[in-house]
Protein chains: 2
Amino acid sequence: MLKAARSGIKEAYTNEEYALMQAINAYNEMSRAYNLLYERLSEWYGLYFPEIKLTNPATLANLVLVFTNRNEVSEEDIKKAIKDDGQVQSIIQKAKASIGREMNGDEKAAIKSYARLSLETNSMLEELEKYLKLASKRILPNTTYLTDEKIAAELLSKAGSMERLAVMPASTIQLLGAEKALFKHIKFGSKPPKYGTLFKFPAVGNARKDTRGRIARAYAAKIAIALKADYFSKNFIAEKLKKDLDESISRIQKSPVKQKENRNFGHSRFNRFDGRKPNFKRGPKMHGSNKRHQH
Amino acid sequence: MLKAARSGIKEAYTNEEYALMQAINAYNEMSRAYNLLYERLSEWYGLYFPEIKLTNPATLANLVLVFTNRNEVSEEDIKKAIKDDGQVQSIIQKAKASIGREMNGDEKAAIKSYARLSLETNSMLEELEKYLKLASKRILPNTTYLTDEKIAAELLSKAGSMERLAVMPASTIQLLGAEKALFKHIKFGSKPPKYGTLFKFPAVGNARKDTRGRIARAYAAKIAIALKADYFSKNFIAEKLKKDLDESISRIQKSPVKQKENRNFGHSRFNRFDGRKPNFKRGPKMHGSNKRHQH
C-alpha cells in the first residue's frame with residue numbers, strides 16, 4: 001500500500017507542467033527585479049555621470065563596468081561597451097566636462113558589482129525564456145501557437161494544473177489573472193474586468209479600447225478549444241483556430257461600436273428634450289447589484 | 001554665472017552621502033529579491049528532490065548546481081556543495097529513493113542558471129555590505145557606532161540628506177520609516193507607531209514588547225545627538241553616548257511596566273466593584289481625534 005501511495009505521488013510529480021509553472025513565476029518575479037536593478041543603477045550612476053542617458057539596461061551596465069574613472073578610460077573600452085561608434089566621441093567629451101562626483105575605490109567596487117548583477121540577471125532571464133519556449137511548445141502546443149509561450153505558461157500557472165485549465169470555460173480563461181478586479185466587481189459593483197493575463201498579449205493589450213474586450217473574448221474562446229486539444233486529443237489544430245480567430249477579429253474591428261451613453265436619450269447627444277437627468281451610474285452599478293442578489 | 005551655477009551643482013554632487021543612500025536602497029531591494037530567489041528555488045527544486053530541506057540559500061543553490069541528475073552525481077560534488085560531511089551519505093541515499101521528477105536537459109539549464117543567479121546575488125549583497133560599512137563609518141561615525149551601518153544608512157536615506165537628518169528632533173528620528181502608520185494614526189485614530197526603521201535594529205526589535213517603545217525612544221534621543229556630532233562638529237563622542245544609552249536601557253528594563261488597563265479600576269483587575277464598563281477605546285482613539293482638531 002505504501003508502495004502504491006509512493007508511486008501515486010511520483011506520478012503527480014512526473015508532469016513537466018509543474019516545472020513550467022515554476023519557470024514562468026521565476027521569470028515574472030525576476031523581470032520585476034531586473035527593472036528595479038536598471039532603475040536603481042541609472043539613478044546611482046547618475047551621481048557620477050549625470051549627463052548620460054542610456055535607455056538600454058545592458059548598455060548602461062556595460063558602460064558602468066568599463067567607465068568608472070574619467071581620466072583612465074580608453075576609447076576602446078567605451079567602444080566595447082557601446083556598440084554605436086558615433087556615440088563614443090560624444091560620451092568621452094561629456095565625461096571630460098562632467099559635473100558628476102569622482103568615485104572613490106569602495107564606491108567603484110560596489111557599483112561595479114551591482115552592474116554585473118544586472119547583466120547576469122539579464123542572461124538568466126534569457127536562459128529561462130529559452131526553456132519557456134521549449135516547454136510551452138511541448139505541453140501547450142496549440143495554445144502557444146495562438147498566443148505566445150509566456151501567456152500560455154502564465155494561464156497554466158494561474159489555473160494551477162493542466163487538468164484544471166483544460167476544463168475551464170472560455171469566460172473563466174478570459175478573466176484568469178483578474179481575480180481581484182472580478183471580486184471587487186461582485187462585492188462593490190465596480191466595472192467588471194474584461195481581461196486578466198490576456199491583456200499582456202500585444203494583440204489584446206494594444207487593440208483599440210472599444211474593441212479590446214471583444215477581442216479578448218474571441219481569444220479566450222479559441223484558447224479554450226486549443227487547451228482541450230492540448231490536454232485531451234493532443235492533435236495540432238491551432239492553424240485552423242488561428243484562421244478562424246483572425247476572421248472574427250477583423251469582423252470585430254469592422255463592426256460599429258455601440259454608443260452606450262446615448263441609449264437612453266435618443267440618437268443625438270446635443271438634442272435632449274426629454275428632460276431626464278443622465279443616469280451615469282446605470283451600467284456597472286446595476287450590474288454589480290444584480291450579481292449580489294443572485295448570490 | 002553659468003560657471004558658478006555648474007560648480008554649485010558639482011558641489012551638491014560631491015558628497016558621498018548620496019552614494020551611500022543609493023547603496024542602502026540597492027541593498028534593501030536586492031535583499032528582497034534574494035529572498036524571493038531562495039523561496040522560488042526551493043519550491044522549484046522540490047519538484048525534483050522533495051525529500052531535501054536546506055535552510056541555507058547558498059547551500060541549496062550549490063547543491064542544485066552539482067546535483068541535477070540522480071544517477072550521474074559523485075560524492076565529491078556533493079561534498080563540495082555541502083560543507084557538512086555527515087550529511088553527504090544521507091543525501092545520496094535520499095536521492096536514490098527520491099520520488100521526484102527526473103529533469104530533462106532544458107530544465108537543467110534553466111534551474112542551474114537560476115541557482116547561479118541566486119549565488120551571484122548573494123555575493124553582490126556582500127560587496128554592497130562592505131561598501132556600506134566603510135561609507136557609514138566615514139559619513140556617520142557616531143551614529144554607526146550606536147547602531148550599525150545599515151540602520152545609519154537607512155535613516156539617512158529616509159531623511160533625504162545629511163543636513164535634513166542632522167536637524168531632526170529625536171521624536172522624528174524615532175518614527176522615520178513609519179510614515180504610513182503615523183498618518184494612519186493622525187487620520188483614522190489607529191494606534192500611534194512607536195518605531196520605524198529602528199525596529200530593524202536587534203536591540204530594539206528583539207526587546208520585550210512592553211519596553212520596546214521606550215527603548216526606541218532612548219535610542220532616538222542618543223542618535224539625534226550623534227547625528228549632530230557627525231554633521232557639525234565631526235567629533236567622535238559615541239563611546240560616551242553608548243555608555244549613557246546602556247544605562248538608560250537598563251533603567252527602562254528594571255522599571256515596572258505600567259498596568260494601563262487597570263488605571264480606571266483601582267489596583268486589582270480581579271476586584272472591580274465600581275460597576276463601570278471597561279473603556280477599551282480610550283487611549284489611541286481620543287489621541288487621534290485630538291490630533292485632528294489641532295490641524
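First the proteins, then the strands, lettered A, B, ... as listed; each starts at 1.
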Between [options], which shows the greatest number of heavy-atom pairs under 4.5 Å with chain B?
options	value
Arg138(A), Met21(A), Glu102(A)	Arg138(A)
Leu37(A), Leu41(A), Leu125(A), Leu20(A)	Leu37(A)
Thr121(A), Ile111(A), Asp106(A), Leu132(A)	Asp106(A)

Would you mind checking if Lys242(A) and Glu239(A) are paired as a salt bridge, meaning a charged N to carboxylate O distance below 4.0 Å?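 Salt bridge between Glu239(A) and Lys242(A), a charged N being under 4.0 Å from a carboxylate O: no.
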Cationic N near anionic O, under 4.0 Å, Glu127(A) to Lys130(A):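 Yes, Glu127(A) and Lys130(A) are salt-bridged.
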Just so I understand: if I count every heavy-atom pair under 4.5 Å between each of Met103(B), Lys112(B), Glu120(B) and chain A, which residue has the most?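 Sorted descending by pairs with chain A, the first entry is Glu120(B).
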In the structure I gave you, are the side-chain heavy atoms of Asp77(A) and Phe67(A) within less than 4.5 Å of one another anywhere?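 Of all side-chain heavy-atom pairs linking Phe67(A) with Asp77(A), none is under 4.5 Å.
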Smallest separation among heavy atoms of Tyr34(B) and Pro57(B), with atom names: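 Shortest heavy-atom contact: OH-CB, 3.4 Å.
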Ignoring hydrogens and geometry beyond distance, is a side-chain donor-acceptor pair present between Gln22(A) and Asn25(A) at under 3.5 Å?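 Note: Gln22(A) and Asn25(A) side chains miss the donor-acceptor criterion.
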Under 4.5 Å from a heavy atom of chain A, the part of [X] involved:
X	value
Glu43(B)	both
Leu134(B)	side chain
Met30(B)	side chain

Got a second to check how far Phe201(B)'s CZ is from Leu155(B)'s CG, nearest 0.5 Å?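 Taking CZ in Phe201(B) and CG in Leu155(B), the distance rounds to 11.0 Å.
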So which part of Glu29(A) gets closer than 4.5 Å to some heavy atom of chain B, the side chain, the backbone, both or neither?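 Interface part for Glu29(A): side chain.
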